[in-house]
Amino acid sequence: MIMSRIEAPRDEVTGNLVDRLLSALPAEAVLADPDVTVSYANDMASFCPAGTPAVVVLPRTVEQVQHVMRVATELRVPVVPQGARTGLSGAANASDGCIVLSLTKMDRILEISPVDRIAVVEPGVVNATLSRAVNELGLYYPPDPSSWEMCTIGGNIGTASGGLCCVKYGVTAEYVLGLDVVLADGRLMSTGRRTAKGVAGYDMTRLFVGSEGSLGIVVQATLALRPKPPEQLVLAAEFASGAAACDAVCRIMEGGHVPSLLELMDRTTVKAVNDLAHMGLPETTEALLLAAFDTTDPAADLAAVGALCEAAGASQVVPADDAAESELLLQARRLSLTALEAVKGTTMIDDVCVPRSRLGELLEGTERIAEKHRLTIGVVAHAGDGNTHPTVCFDAADPDESRRARESFDEIMALGLELGGTITGEHGVGVLKKEWLAREIGPVGVEMQRAVKGVFDPLGILNPGKLF
């Protein structure tokens with residue numbers, strides 16, 4: 001069967017695949033028009049090759065996903081699962097002749113339990129939709145990637161997403177209690193629990209979180225919720241150097257404070273935001289630090305943190321008076337990546353995470369790399385957990401500038417590893433960082449991870465070419 005598939009003309013192969021899929025799927029769920037399927041070829045990452053899918057399937061039920069995987073296994077066709085394709089590592093990029101399995105139509109919130117503090121959702125639920133739904137019941141789903149208005153829970157699980165609130169509330173993995181997963185051969189597997197505690201057997205749930213669709217297809221998730229916190233208040237502190245701002249971060253964390261947000265924007269980013277949105281941010285600053293608290297007395301917490309910022313050398317500290325003013329300050333941070341993209345038209349967004357104590361060294365090193373390659377590189381960071389996003393701005397139509405952009409991107413990852421960090425804190429590996437994953441975890445680590453994949457996906461049809 002494998003030989004006949006390889007030797008047959010591609011249109012015959014695709015036709016057979018489509019016929020098999022349509023035997024248990026509605027016609028509107030199967031897209032085979034090349035002009036349509038090409039639009040599903042890639043996510044938002046730069047420098048990541050993408051193939052041409054044979055077909056795109058948009059299932060609405062678990063049974064339909066199982067049918068797709070049974071057909072794929074029988075015909076040995078690769079399957080690339082996708083959410084909203086807002087990822088930044090190429091993890092959702094198609095491979096030639098694959099089935100793109102877009103899970104965006106599986107978008108139901110199946111249950112919200114205020115007593116058990118859980119939500120049960122399908123993978124296509126948009127992060128912001130879930131957040132608003134649980135807020136109405138006095139609950140809170142903390143993970144909030146910057147693309148939260150578009151990205152899906154399934155995609156968040158696949159890439160182990162983070163967000164602005166990680167410094168206090170943690171990342172997606174800490175909120176996934178259980179999963180329903182369709183395996184490569186079409187079997188349905190349930191992992192985890194819906195109870196507050198549970199340690200039965202290996203933690204298979206955590207294994208799937210961050211696996212980028214390489215082990216199975218998540219079709220349902222049980223998520224932990226928290227009580228809705230009070231509205232947060234935000235403080236902005238201006239510094240004459242990145243080192244001083246990073247010193248303030250260290251003082252805040254060493255002092256035992258628990259901000260709900262602690263974000264940093266460098267000079268390049270502040271200027272880009274002003275150029276885009278005319279927000280009047282202080283362009284004389286070398287680094288702008290935003291701190292927020294959602295405690296019962298946020299004003300007192302901001303005052304304490306403001307004093308630490310001044311002790312670290314802040315030239316100006318401005319606490320917000322109310323939620324509206326706080327939101328205005330946060331809007332500047334949310335616009336950062338959009339503003340940096342406008343600088344040259346194309347960006348490569350790095351995702352290096354280092355120990356907080358080494359954050360200043362990463363900023364200084366990134367500035368040296370930018371000067372060396374004659375590039376604009378803006379840095380925004382979830383400073384409270386050391387997760388930085390050095391963003392390389394370049395003209396994709398200029399081959400030399402594109403080359404320098406890629407070289408600088410790699411040098412920043414190397415710097416992160418030298419500082420005791422990791423190549424990705426929340427964006428995943430995908431295609432973009434495959435070789436860097438091998439460097440970080442070493443040959444034994446790669447061997448063990450490949451062995452795990454072989455157990456779940458012996459034919460290698462689930463999202464091939466990603467991770468390693």
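Numbers here are sequence positions counted from 1. Predicted model only: the values in this text are computed from it and were never measured.
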- [ ] Before giving the answer on salt bridge (charged side-chain N to carboxylate O under 4.0 Å, His left out), spell out for R334 and E263 the whole-Å C-alpha distance, their side-chain angles and the decisive distance to 0.1 Å.
- [x] CA-CA 10 Å; R334 293 194 184 102; E263 298 287 305; over 6 Å; no

TODO: Dump the intermediate steps for salt bridge (charged side-chain N to carboxylate O under 4.0 Å, His left out) on E411 and R406, then the final yes or no.
DONE: CA-CA 9 Å; E411 288 181 21; R406 183 60 204 243; over 6 Å; no

Is there a donor-acceptor contact under 3.5 Å linking the side chains of [X] and [Y]?
X	Y	answer
T295	D301	yes
T159	E426	no
N127	N156	yes
D180	S190	yes
T424	D351	yes

Taking [X] first and then [Y], would you say they form a salt bridge - that is, a charged N and a carboxylate O separated by under 4.0 Å?
X	Y	result
R404	E407	no
K466	E212	no
E28	R60	no
R132	E136	no
K168	D385	no
E435	R439	yes

- [ ] Might you confirm whether atom CD of E111 has over 12 heavy atoms from other residues, nucleotides or ligands at distances under 6.0 Å?
- [x] yes

Open item on the list: Take a 6.0 Å sphere around NZ of K228 and say whether it holds more than 12 heavy atoms from other residues, nucleotides or ligands.
Closed with: no

Donor-acceptor contact below 3.5 Å, side chain [X] vs main chain [Y]:
X	Y	value
T172	S161	yes
R76	T73	yes
S23	R20	yes
E122	D107	yes
S260	A292	yes

Open item on the list: Before we go on, tell me: are the rings of Y169 and Y175 under 6.0 Å apart, centre to centre?
Closed with: no

Task: Minimal non-hydrogen separation, I112 against L225, with atom names - done: CG2-CD1, 4.2 Å

Open item on the list: On the six-membered ring of Y141, is R226 placed so that its NZ or CZ lies under 6.0 angstrom from the centre and within 45° of the ring axis?
Closed with: no

Task: Whether H427 and H389 hold their rings parallel, tilted or perpendicular, with breakpoints at 30° and 60° - done: parallel

Open item on the list: If you define the side chain from C-beta out and look only at heavy atoms, does anything of T222 sit under 4.5 Å from L179?
Closed with: no

- [ ] Compare all side-chain heavy atoms of F47 with those of F409 and state whether any distance is below 4.5 angstrom.
- [x] no

Open item on the list: Applying side chain to side chain contact (heavy atoms under 4.5 Å, CB included) to D410 and M413, what does each step give before you reach the verdict?
Closed with: CA-CA 5 Å; D410 286 345; M413 282 193 287; 3.4 Å; yes

